Amino acid sequence: MNAKPAAALEPDHEEILEWIEAFDEVIDQEGPGQGTRLLDALTRRAQQSGVDVPVHLNTPYVNTIPVAEEAPYPGDRAMERRIKSLIRWNAMAMVHRQNKKDPGIGGHISTYSSLATLLEVGYNHFFYANHGEEPGDFVYFQGHASPGVYARAFLEGRLTQEQVENYRHELRDKPGLSSYPHPWLMPSFWRFPTVSMGLGPLNAIYQARFMRYLENRGLIKPTPRKVWAFIGDGETDEPEVLGAQLTLASREKLDNLIFVVNCNLQRLDGPVRGNGKIINELESAFRGTGWNVIKVIWGSGWDELLARDHSGMLLKRMEECVDGEYQTFKAKDGAYVRKEFFGKYPETAALVADWTDDEIFHLQRGGLDPQKVYNAYKRAVDHKGGPTVILAKTIKGYGLGSAQARNATHQEKKMTDEALTAFRSRFEIPIPDKAAQEGAPYRPPDDSPEIQYMLERRKALGGFTPKRDARKSVRGFETPGLDAFKESLEGSKGRAVSTTMGFVSMLRNLMKDPKVGKLVVPIIPDEARTFGMESIIRQVGIYASQGQLYKPHDVDMLLYYREAKEGQILEEGITEAGSMASMTAAGTAYSNYRVPMIPFFTYYSMFGFQRVGDLIWAFADARGKGFLMGGTGGRTTLAGEGLQHQDGHSVVVSSTVPTCATYDPAYVYEIAVIVQDGIRRMYQEGEDRFYYIMLYNEDYAMPEMPSGCEEGIIKGIYKFKAAEGKKATVQLFGSGPILNEALKAQSILAEKYGVHADVWSVTSYNELRREALSCDRWNRLHPAEKAKQPYLLSILDKTDGPIIAASDYMKVVPDQLAPWLGTRLVTLGTDGFGRSDNREHLRRHFEINAESIATSALSRLARDGKFDAKKAQKAFADLGVNQEKVDPARA
Ligand SMILES: Cc1ncc(C[n+]2csc(CCOP(=O)(O)OP(=O)(O)O)c2C)c(N)n1
Ligand SMILES: [Mg+2]
């Protein structure tokens, strides 16, 4: 048996020793299964007797898989080592060369050098590129290891030497390679943007879950495909990695998910856990949340030492060393390891007494030993019933000579001439000194055994990876016409409803649509009731991989809480980050699975862009599609909730994402037009864009769609209500519920002051700005040609007077149009912190109510000499607008 003698573990306790020996006997005679039963029974007994049972989530600091249970390696070890050396060289050379040529251009060597074996075993034996007609495994790479991924693709013949030589030079005439995994920049290569630490693991979990969702709903065939996520040990400090999602993976029994944590013990600045052990810490976190944990700590060279460790002192020494020491061992040499590690106890010193220092130094870490890594992967792939994490101990900067395992190794980019030739010789790259010192790429000929082996292995696994399907649209996709949104276009017939309510009805109808209904994925972070979505829960059910194991208390009610295995709603619980990860899995399914899923992630807008903005940025990078529905938007429309809820700025942040089209609709028909056109553009025309649409909870009558306004709605502006009788001398812009304030102001101005105004619904300041910017750019680049006119100006052509633009968001939102509207523009917005009060008081406070709009118009006309200044002054008092109150922007 494997266990060490009890003496070393409990040296001075006779009674414990006896128990341990008895236990050993049970295992020897009846096997480990009986050991488990015995312990279980004892634990229960102890608990019944009120004994405080200690919880130990850590197993001994050795490999989880005993040597006796290891399967033999199926590949040609020598050949694979040779290929790995070639990749190591090219990855390192790529970064070095570029930094020599262009100092400061950056790149990383040390992450991949620690990860090479972990990736290569996967490439040669595990990563399926497809499962027949179905997509294969999805691999989330550590972003900083991209040079290694490129180097392999170069050897495979997928990337040219020119591309490799232009690593991090993407803007030259010749094609280059992007720094990190970015589908936006390399759409046929990378699937998953991972370089913002923490997002990869989170997205991987929800990808695995979404895969099951698609299978359970019959949208894709179940296959043995896996999601592999390679994660840095330092990266695990991000809350997205060890957050609540870990329990989701085990609760959902995601045995299609494999995490591989590259435990090189270092992050950027220094050790991840100098004074402790990251592997132990992660082991307990993952075991505690029900994951299958496989530790790969020691390479095969240690097997023999551990077998000879009759005293148990080697294990004791392994247990007591902290990571800071383990790092130092690999930054020093064999003599140091002999003295400081083995030398601590006579028993351990004796184990290596007849070894050379070199032999000691070459004792390998598990994550760098293909035999150990292969066995861990095999076990992970075969594991049923839950997710697996492999904790693989490696060495940061492995093979980089004096930079290996140094604190500064992460930033190592350029190597000395000597280091380069040494690296070249160590990994046996057949190039002369000069080429080595230049960091020249090296690829053996196509018919060399190395290239042939690589290609043969990839062929056996279905082709190359990573690879992304960059085809624009999914064949046969047909957008429902606007008539499918008839109910939304007809208005509420006088009934006061909110745009949220209108949207929910629209979504309900859309899910009944024979063409796209089943593709809709409503995603909600515990906010369905807030948005009145109970009817959707009843209609399509909440996705629950186990079905509904209980009878809900409200089952007798029409709108009961229905969970079902084929349920369509992703009810995520209170996690905007998790919901965004679901949005990402769903919004990229058109490429990953060739199933054009249409997600609608509806949430409290305040907890979106400012909370999960980085996930949204990565979603855009991944060419994600779908709809973010910013619920309960507006600083003054969400009444009562105050400073942390009232959103007056998410549309500012959303405007920074290049592929995000932001809309602030006032009426339900506007939403319908935007959604219908959005589905067409994204899924039928194949445009890489997504939508952020504001929703509100203020009830008012929804008008029927006036004819001919579709283009304006989509482009961002249309005239909603012209001045009656006379030509307008003022233009009022409004969006969302504030359009109603503009309409009230129109009446006030006409009735009380004889001033006539047109009212415009501005559905998107941001889209108008983008279009105008692109016209300006074209005009700038073509001075000799007739200038193009921005849509905004063409629409406002022949209009007179100042433009008073009122928004429920910050003034900077309408100000986006200032370059084209110049001094005509007067903006009213909600800069400052929110307050708990009702809409009337909030709008008065932020100066965006009808009275503020009207007085702003009069004030501006007076300054322009078009209205009597004294009358304008008096209007403030008459309309109850306090001129001396504190500026809400600073209140
Ligand atoms: C969110 C985020 N914060 C910081 C960084 C900068 N950064 C890049 S790599 C790195 C260290 C990575 O350490 P680890 O996760 O242990 O990976 P290793 O390179 O050691 O394999 C840091 C801090 C980042 N990329 N993303
Ligand atoms: Mg690390």
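Just the heavy atoms: all of them, side chains too, but no hydrogens, waters or symmetry mates, feed the values below. Indexing begins at 1, ligand by ligand and atom by atom, following the structure's order. Quick caveat, the model's predicted, so the values are computed rather than measured.
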> Just to the nearest 10 degrees, tell me the angle at the Mg ion (ligand 2) spanned by Asn264 OD1 and Asp233 OD1.
100°

> Looking at the Mg ion (ligand 2), is there an N, O or S atom belonging to Thr111 that lies under 2.8 Å away from it?
no

> Could you list the residues that satisfy ring pair (Phe, Tyr, Trp, His ring centres under 6.0 Å) with Phe154, not counting sequence neighbours?
none

> Can you tell which part of Glu235 has a heavy atom less than 4.0 Å from ligand 1: side chain, backbone, both or neither?
both

> Under 3.5 Å between some N or O of ligand 1 and some N or O of Thr111?
yes

> Show me which atoms of ligand 1 lie under 4.0 Å from any heavy atom of Ser196.
1 (C), 26 (N)

> Under 30°, 30 to 60°, or over 60°: which ring-plane class applies to Phe329 and Tyr326, parallel, tilted or perpendicular?
perpendicular

> Could you tell me whether Val195 approaches ligand 1 through its side chain, its backbone, both or neither, with non-hydrogen atoms closer than 4.0 Å?
backbone

> Going by atom types only, do Glu283 and Thr59 share a side-chain donor-acceptor pair under 3.5 Å?
yes

> Could you find the nearest protein heavy atom to atom 11 (C) of ligand 1 and give me its residue, atom name and distance?
Leu268 N, 3.6 Å

> Taking atom types as modelled, is there a side-chain donor on Asp647 or Ser605 under 3.5 Å from an acceptor on the other?
yes

> Who pairs with Tyr442 by ring pair (Phe, Tyr, Trp, His ring centres under 6.0 Å), at least two apart in sequence or on another chain?
none

> Check whether any heavy atom of His108 sits under 4.0 Å from an atom of ligand 1.
no

> Can you tell me the protein heavy atom closest to atom 4 (C) of ligand 1 and the distance?
Met197 CG, 4.2 Å

> May I ask whether atom 6 (C) of ligand 1 is less than 4.0 Å from at least one protein heavy atom?
no

> Please work out, at 4.0 Å between heavy atoms, whether the side chain, the backbone, both, or neither of Asp233 comes within that distance of ligand 1.
both

> Closer than 2.8 Å to the Mg ion (ligand 2), do we get an N, O or S atom from Gln266, backbone or side chain?
yes

> Relative to each other, are the rings of Trp302 and Trp298 parallel, tilted or perpendicular (30° and 60° limits)?
tilted

> Answer yes if the side chains of Lys396 and His410 hold a donor-acceptor pair under 3.5 Å, and no otherwise.
yes

> Taking 4.0 angstrom as the limit, do Glu80 and Lys84 come out as a salt bridge?
no

> Which of the numbered atoms in ligand 1 are below 4.0 angstrom from a heavy atom of Gly234?
14 (P), 15 (O), 16 (O)

> Which of the atoms in ligand 1, numbered in the order shown and given with their element, are less than 4.0 Å from a heavy-atom of Asn262?
21 (O)

> List the closest protein heavy-atom neighbour of atom 17 (O) of ligand 1: residue, atom name, distance to the nearest 0.1 Å.
Gln142 NE2, 3.4 Å

> Among all the protein's non-hydrogen atoms, which is closest to atom 20 (O) of ligand 1, and how far away is it?
Lys396 NZ, 2.7 Å

> Can you spot which of Tyr167, Tyr150, Trp184 makes a side chain to side chain donor-acceptor pair (under 3.5 Å) with Ser178?
Tyr150

> With a 4.0 Å cut-off on N to O distance, would you call Lys393 and Asp323 a salt bridge?
no

> Looking just at side-chain N and O atoms, do Asp255 and His383 make a donor-acceptor pair shorter than 3.5 Å?
no

> Looking only at protein heavy atoms, identify the closest one to atom 13 (O) of ligand 1 and say how far it is in Å.
Arg267 CA, 3.4 Å

